[in-house]
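To start, the structure under review is shown below, and the notes come after it.
The figures here come from the full heavy-atom set of this structure, side chains too, leaving out hydrogens, waters and symmetry mates.
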2 protein chains.
Amino acid sequence: MNIKEVADRAGLPAKTIRYYEEIGLIRPARAENGYRAFRETDLHKLAFIGRARGLGFTIEDCRALLALYEDQARASADVKALAEAHLTRIEAKLQELQAMKRTLSGLVAACAGDGRPDCPILTGLSDSCCA
Amino acid sequence: MNIKEVADRAGLPAKTIRYYEEIGLIRPARAENGYRAFRETDLHKLAFIGRARGLGFTIEDCRALLALYEDQARASADVKALAEAHLTRIEAKLQELQAMKRTLSGLVAACAGDGRPDCPILTGLSDSCCA
DNA sequence: TCTAGGGGTTCCAGTCATGGGAAGGTCAAG
DNA sequence: CTTGACCTTCCCATGACTGGAACCCCTAGA
């Protein structure tokens, strides 16, 4: 398989796949003409990485998850720990975004949004009101 | 005021303040010794930017907001439009994170997290289950 | 046989909003 | 006079790509 086919089937840009090789996430073989020669296992790994990235795992998380995936003697506790740590990060980010949303929608609701210059959004940003 | 005092009072790292000057968000005067000489208005602007950043506005948003803030003839509609666009981005990000959280907590809940290798998290990432 | 096109390859630079650290100038206190 | 806390500029690194240039390879059609 050439890179384009893998890209289409894994749902990742070819550029991203080259990058993943560069940082050692995958090691596709090479054909005689220098083209990358992907096997099914490479495709499988890339799809795995793609899904992990889709769940917000970092590249380093993906590296660790792949290593666990390939380690037949893994303990599921190790995987779970990784996932729970990530879940905690997601929840923190959610809290942060929800706080932003609350503050910002309060300001937006207070703003007339007409042709006049008076604007609670700007005064809100100007005074120290937003924790 | 030197940069350290402004940094402390605005709640921003000195490095960040230098960067804001570099990209033209602020233009502090200079003392004879080459030190930046901040005025109250600079501090005020920096605090404004800091709060806007805290609400997740990009630097370019901040530039636009500052321009509106300083434009006495602005229309509050322009400010509101900026804020609403940002609110939409926040909501999209919230949706995305919530979807991640749902999928991931489902996987985590299904995982025993013991010493055995069987792990629904890994099989979940391996099969195409996670939209 | 030539040529066009659609692959592929490497390498370099840019993104966003900083952060880290080096090398050196300035200033107030002891 | 020295110490230590400031200040300055400059360059490099982050994460996870993305874009583009310059070049090679392969197949199909005129």
*Which pairs count as salt bridge (charged side-chain N to carboxylate O under 4.0 Å, His left out) when at least one residue sits in residues 19-34 of chain B, sequence neighbours excluded?*
B:Glu21-B:Arg30, B:Glu21-B:Arg36
_Keeping B:His86 on the side-chain end and B:Leu55 on the backbone end, is there a donor-acceptor pair under 3.5 Å?_
yes
*So what is the end-to-end bend of the helix from C:dT1-D:dA30 to C:dG30-D:dC1, with 5 pairs used at each end and the value given to 10 degrees?*
30°
*Does a nitrogen or oxygen in the side chain of B:Asn33 sit under 4.0 Å from OP1 or OP2 of D:dT8?*
no
_Between B:Asp118 and A:Ser76, do the side chains contain a donor N or O and an acceptor N or O under 3.5 Å apart?_
no
*If the sugar-phosphate is the primed atoms plus P, OP1 and OP2 and the base is the rest, what is the B/S/- string for nucleotides 9-20 of chain D, using protein heavy atoms under 4.0 Å?*
BB-----BBSBB
_For chain B, the stretch of DNA chain C it reaches, first to last nucleotide, under 4.0 Å of its heavy atoms_ = C:dA17 to C:dC27
*For the side chain of A:Asn33 and the backbone of A:Tyr35, is there at least one donor-acceptor N/O pair under 3.5 Å apart?*
yes
*Backbone N or O of B:Ile23 within a donor-acceptor pair of the B:Arg63 side chain at under 3.5 Å?*
yes
*So do B:Leu82 and B:Leu68 actually touch side chain to side chain, heavy atoms under 4.5 Å?*
yes
Please list, one pair per line, the donor and acceptor atoms closer than 3.5 Å that link side chains of residues 5-16 of chain B to other protein atoms, with sequence neighbours excluded.
unit_1: B:Glu5; atom_1: OE2; unit_2: B:Arg9; atom_2: NH1; d: 3.2

*asked:* I'd like to know if the side chain of A:Arg89 reaches the main chain of A:Glu84, judged simply by a donor and an acceptor atom lying under 3.5 Å from each other, with no hydrogens or angles considered.
replied: no
Side-chain atoms of residues 38-47 of chain B: list all donor-acceptor pairs with protein atoms under 3.5 Å, sequence neighbours left out, distances to 0.1 Å.
unit_1: B:Asp42; atom_1: OD2; unit_2: B:Arg39; atom_2: N; d: 2.9
unit_1: B:His44; atom_1: NE2; unit_2: A:Ser126; atom_2: OG; d: 2.9
unit_1: B:His44; atom_1: NE2; unit_2: B:Tyr69; atom_2: OH; d: 3.2
unit_1: B:Lys45; atom_1: NZ; unit_2: B:Glu70; atom_2: OE2; d: 3.4

*Just checking A:Ile23: base, sugar-phosphate only, or nothing, at a heavy-atom cut-off of under 4.0 Å?*
nothing
*Full working for side-chain contact (heavy atoms from CB on, under 4.5 Å) between B:Leu122 and A:Phe48*: CA-CA 9 Å; B:Leu122 291 179; A:Phe48 182 99; 3.9 Å; yes
